[in-house]
*Asks:* 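Take a look at this one; I'll ask things after.
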Amino acid sequence: MNATPGPARQRGWWFAAAAVGLLITGIALGEWLGWPFLATPLETRLSQTLGRQVRFSVDNQQVAGTPAEATAGTTQAASSLEQFSIRFIGGVRLQLPAIEIAAPAWSSAPYTLRASNLRLALDYTDLWQAYTHDAGDPPLRIARLQAETLDAWLHRLADGRASWQWNADNSSTASAQTAQVPVFGFLEVKNGRLHYDDALLASQLDIRLSLIDGAQATSSSNRTSSLQANALGHYRNQPLKAQLVSDGLLPWLSEGAENAPVAFSLNATVGRASLVFKGSALDALTLRGLTGRFNLKGPSLAAAGEPLGVTLPTTAAFKTDGWIGKKGSAWRVVVDDATVGASRLTGAFVFETGGSLPVLSGRLGGSRLLLADLGPAVGVLPANSATATTTADKKVLPAVPFDLAALRAMNANVLVDISEVDLNTRLLEPLRPLHMHLLLNSGVLTFQDLKASTAQGQLMGRLVLDGRAAQAVWNADVRWDGVRLERWLRLAREGNAPPYVSGRLNGNAVLQGRGRSTAEILASLKGRARSELLDGSISHLVVEAAGIDIAQALGVLIAGDDALPVQCGVIDLLAEGGVFRPRVMVLDTSDSAIWINGSLSLANESLDLQAVVIPKDFSPLTLRTPLRIKGSFAQPSVSLEKQALGLKLAGVVLLALVNPLAALLPLIDTGDAEKAQRGASGCQRLAQRAATQRTAPARAR
């Protein structure tokens, strides 16, 4: 039998029911009113959590900035806290007429964030995940965020302190906790402005945007997403102006970004380069999943690399079209068509930014490359440069300093395969094709596996430019085989006259130098260069003219020029301090042997050579005397050896006083076949020795 509850127990139940009723009524009333008395405690709690002052009572004159709002600013600021509301049923829903988060004490910015008419919604599951957040976990998800206006000042110092590092105003980069950017379920900002000042990136930007994103609409017909952003300022010390238009910002910052790329277009000018891009991306801050087509142009490839921190050569004006994509820390670029000056190039590259130094890898191809278009990259000023001169004493060798710091800014591994390389001169046949492997590692630029074809011959070898120190160190080990001189030297002659010189040219060069420009390196060269001419011939007229053989030269002019077979041709040069001196420089033909000695200085760009012709036959009328080639590279001069010529002419004058016919005696040259033959034999031995020394390393390889 159940006992009947006593009066005390009944009163207890009534009190409990009344308390629950009052609690429910209070919660309902609080939810209806928006818990206004929590405004001040929430301000205090947020200020303690962020380490910055947080205010809900903000002068709307400063938030909105319009004249109409300015007149009512004081009254509205006084009632800001009264318009505060927060609700907790079904999640946290916060409504604020205004909010301001102060800037850190070290920053000159007026604040970090200001917003007006802010509405924020958070789910409890997301709050719990944020409360139990560990390193590597996803950032906070905000279910809904709406703002009429939003103004943010983001500031970072050179030591790494940033205004978006909460509770770390006096901390360095090593200890500061950088807040993760949250993701959004719904985001709407009607008018926004971002001031970005970053000493680490040498950047100052003023960005204005307008965003409405309706991603949570139930049907695609109801979805209204749009973003317009304009930026003006400096990025990496380069002036920047940009406009971006997209379908919205939501998927770029949302947890569903993997399945919802956002289409956008960008038109930007950074420094001296301009970019037009149309494509899509998944992440607004890291550009995760970026893919699209681009058009890039500027006065030099270096101008395109400057704002990205990518080392590209200084070149002629360029424009390029292609595709770009990003996956993780790797950028992928396919260049469909690149025009640099008159050069036409293509390529496919990967730029990896995840390591201590960025790495560029890929391949570079193309139908044509003009050396003149890359002239500034190798220290050559273009012909129309404002600094170019036309005076006789101007320097010929390129003296523009190398950008050695740029060589140390990244690494590279690029295969080069170009159909034609024009050497920037009408006198030399282009290289067709050019293959090589370009490596850049910690400031050391290497061109290895170099192989180029020209004039039915080949050029092979390895070039190294070490830019780790204040002065570059240059090493070259190259060889050439079977180069047809009559094709390589494009010296046109009228009619059916034979080429001035023909034959197969073989040789090799091992040279070293150091300096801050091409001119300085060449002026310090040391090493050796050798070459020999096989199956060659030379213009008969050139040989007779070199020997000042008037009678035979006239005979050749009347009968027509012909080609004299070259029985031996050898050049063996030693270089020291940029001065080349011939150990042997001889050209032996059936008519004469030509020996050359003297010096060629790359240090002061001067010539001092002497050519001696030893005839093998009789000539009745000759002024045969050594030729002197002197002067500068820009203005060389050719003259006769004055002392020898003076003695011969003096003999002519004296004998003419005795008998006019006797005056011809000094002009008669019987030739010296024996002396010429001894020189020819020595030339053959040198040629055989040079060929043996040149091919020995090749067999070893």
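Treat the numbers as computed from the prediction; the structure is a model and nothing was measured.
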*Asks:* For M410, run the side-chain contact (heavy atoms from CB on, under 4.5 Å) check against V359, L357, L360, T353 and tell me which one passes.
*Replies:*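 Single side-chain contact (heavy atoms from CB on, under 4.5 Å) partner of M410 among V359, L357, L360, T353: L360.
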*Asks:* Taking only residues two or more places apart in sequence or in another chain, which ones pass ring-ring contact (aromatic ring centres under 6.0 Å, His included) with H234?
*Replies:*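 ring-ring contact (aromatic ring centres under 6.0 Å, His included) list for H234, sorted by chain: empty.
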*Asks:* Hey, could you give me the NZ/OG1 distance between K327 and T291, rounded to the nearest 0.5 Å?
*Replies:* 12.0 Å
*Asks:* Mind listing the closest non-hydrogen atom pair of A455 and R487 along with its distance?
*Replies:* CB-CB, 3.8 Å
*Asks:* Any side-chain heavy atom of F447 sitting closer than 4.5 Å to one from L438?
*Replies:* yes
*Asks:* Going by heavy atoms in the side chains, are L459 and T454 under 4.5 Å from each other?
*Replies:*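 No; the side chains remain at least 4.5 Å from each other.
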*Asks:* Rounded to the nearest 0.5 Å, what separates atom CD1 in I207 from atom CG in N230?
*Replies:*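 One gets 10.0 Å once the value is rounded to the nearest 0.5 Å.
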*Asks:* Donor-acceptor pairs are to be reported for all side-chain atoms of residues 466-475 against protein atoms at under 3.5 Å, with residues two or more places apart or in another chain.
*Replies:*
| residue | atom | partner | partner atom | Å |
| --- | --- | --- | --- | --- |
| D466 | OD1 | R468 | N | 3.1 |
| D466 | OD1 | R468 | NE | 2.9 |
| D466 | OD2 | R468 | NE | 3.2 |
| D466 | OD2 | R468 | NH2 | 2.6 |
| N475 | OD1 | Q512 | NE2 | 3.0 |

*Asks:* For a 4.5 angstrom cut-off between non-hydrogen side-chain atoms, does L296 reach F318?
*Replies:*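 Yes. Closest side-chain heavy atoms under 4.5 Å.
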*Asks:* Mind checking what makes ring-ring contact (aromatic ring centres under 6.0 Å, His included) contact with F349, not counting sequence neighbours?
*Replies:* none
*Asks:* At their closest point, which heavy atom of K278 faces which heavy atom of S265, and how far apart are they?
*Replies:* CG-CB, 4.0 Å
*Asks:* How far does CD of E352 sit from OG of S361, to the nearest 0.5 angstrom?
*Replies:* 8.5 Å
*Asks:* Which atoms form the tightest heavy-atom contact between S246 and L244, and what is the distance?
*Replies:* CB-CD2, 4.1 Å
*Asks:* Going from CG on L445 to CG on L440, what distance comes out if it is rounded to the nearest 0.5 angstrom?
*Replies:*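 So the gap between those two atoms works out to 5.5 Å.
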*Asks:* How long is the gap from NE2 on H155 to CD on Q204, to the nearest 0.5 Å?
*Replies:* 8.0 Å
*Asks:* Please output the side-chain donor-acceptor pairs of residues 411-421 that fall under 3.5 Å, not counting sequence neighbours, one pair per line with the distance.
*Replies:*
| residue | atom | partner | partner atom | Å |
| --- | --- | --- | --- | --- |
| N411 | OD1 | S442 | N | 2.8 |
| N413 | OD1 | H437 | NE2 | 2.5 |
| D417 | OD1 | H435 | ND1 | 3.0 |
| S419 | OG | G366 | O | 3.4 |
| E420 | OE1 | R432 | NE | 3.0 |

*Asks:* Mind checking whether L290 and F277 have side chains closer than 4.5 Å, heavy atoms only?
*Replies:* yes
*Asks:* What residues form a salt bridge (charged side-chain N to carboxylate O under 4.0 Å, His left out) with E148, not counting sequence neighbours?
*Replies:*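 Residues passing salt bridge (charged side-chain N to carboxylate O under 4.0 Å, His left out) with E148: K190.
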*Asks:* Sequence neighbours excluded, which residues qualify as side-chain contact (heavy atoms from CB on, under 4.5 Å) partners of L428?
*Replies:*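 Only L423, T425, W488, L489 meet the side-chain contact (heavy atoms from CB on, under 4.5 Å) criterion with L428.
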*Asks:* For a side-chain contact (heavy atoms from CB on, under 4.5 Å) check, start with the C-alpha distance between L404 and L407, then their side-chain angles and the critical distance, and finish with the verdict.
*Replies:* CA-CA 5 Å; L404 298 180; L407 292 180; 4.0 Å; yes
*Asks:* Would you mind reporting whether L157 and D159 have side-chain heavy atoms less than 4.5 Å apart?
*Replies:* yes
*Asks:* Minimum heavy-atom separation for S280 to F264, with atom names?
*Replies:*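 Minimum heavy-atom separation between S280 and F264: C-CE2, 3.7 Å.
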*Asks:* Please name the pair of heavy atoms, one in L431 and one in A452, separated by the smallest distance, quoted to 0.1 Å.
*Replies:*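 So the two residues come closest at CD1-CB, 3.9 Å.
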*Asks:* Sequence neighbours excluded, which residues qualify as side-chain contact (heavy atoms from CB on, under 4.5 Å) partners of K319?
*Replies:* K297, T339
*Asks:* Any side-chain heavy atom of R193 sitting closer than 4.5 Å to one from D206?
*Replies:*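 Heavy-atom side-chain distance check passes, below 4.5 Å.
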*Asks:* Report yes if the side chains of F294 and T320 come closer than 4.5 Å at any heavy-atom pair, otherwise no.
*Replies:* yes
*Asks:* With side-chain contact (heavy atoms from CB on, under 4.5 Å) as the test, would you mind laying out the steps for L113 and L150 before giving the verdict?
*Replies:* CA-CA 7 Å; L113 177 72; L150 187 146; 3.8 Å; yes
*Asks:* Quick one: side-chain contact (heavy atoms from CB on, under 4.5 Å) partners of N267, sequence neighbours excluded?
*Replies:*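 With neighbours one apart ignored, the set is V276.
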*Asks:* How would you list, by chain and number, every residue that makes a salt bridge (charged side-chain N to carboxylate O under 4.0 Å, His left out) with R344, sequence neighbours excluded?
*Replies:*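 Salt bridge (charged side-chain N to carboxylate O under 4.0 Å, His left out) list for R344, sorted by chain: D337.
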*Asks:* State, to 0.1 Å, how close T112 and A103 come at their nearest heavy-atom pair, and which atoms those are.
*Replies:*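 Closest approach of T112 to A103: OG1-CA, 3.3 Å.
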*Asks:* For R293, check salt bridge (charged side-chain N to carboxylate O under 4.0 Å, His left out) against everything at least two apart and list the hits.
*Replies:* D336
*Asks:* Do side-chain atoms of S343 reach the backbone of L370 as a donor and acceptor pair under 3.5 angstrom?
*Replies:*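 A pair under 3.5 Å: yes.
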*Asks:* First locate atom CZ of R462, then atom CD of Q448, and finally report the distance between them rounded to the nearest 0.5 Å.
*Replies:*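 It comes to 6.0 Å.
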*Asks:* Would you say that L369 contacts L434 through its side chain, given a criterion of any heavy-atom pair below 4.5 Å between the two side chains?
*Replies:*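 L369 vs L434: side chains apart.
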*Asks:* Apply side-chain contact (heavy atoms from CB on, under 4.5 Å) to the pair L154 and L194, showing each step before the final yes or no.
*Replies:* CA-CA 7 Å; L154 303 183; L194 170 65; 3.6 Å; yes
*Asks:* Among all residues two or more places apart in sequence or in another chain, which pass the side-chain contact (heavy atoms from CB on, under 4.5 Å) test with K451?
*Replies:* Q458, M460
*Asks:* One pair to check against side-chain contact (heavy atoms from CB on, under 4.5 Å): L118 and L145. What are the steps and the verdict?
*Replies:* CA-CA 7 Å; L118 184 71; L145 176 64; 3.3 Å; yes
*Asks:* Suppose we screen for side chain to side chain donor-acceptor pair (under 3.5 Å). Which residues come up paired with R156, at least two apart in sequence or across chains?
*Replies:*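 Partners of R156 under the side chain to side chain donor-acceptor pair (under 3.5 Å) test: D198.
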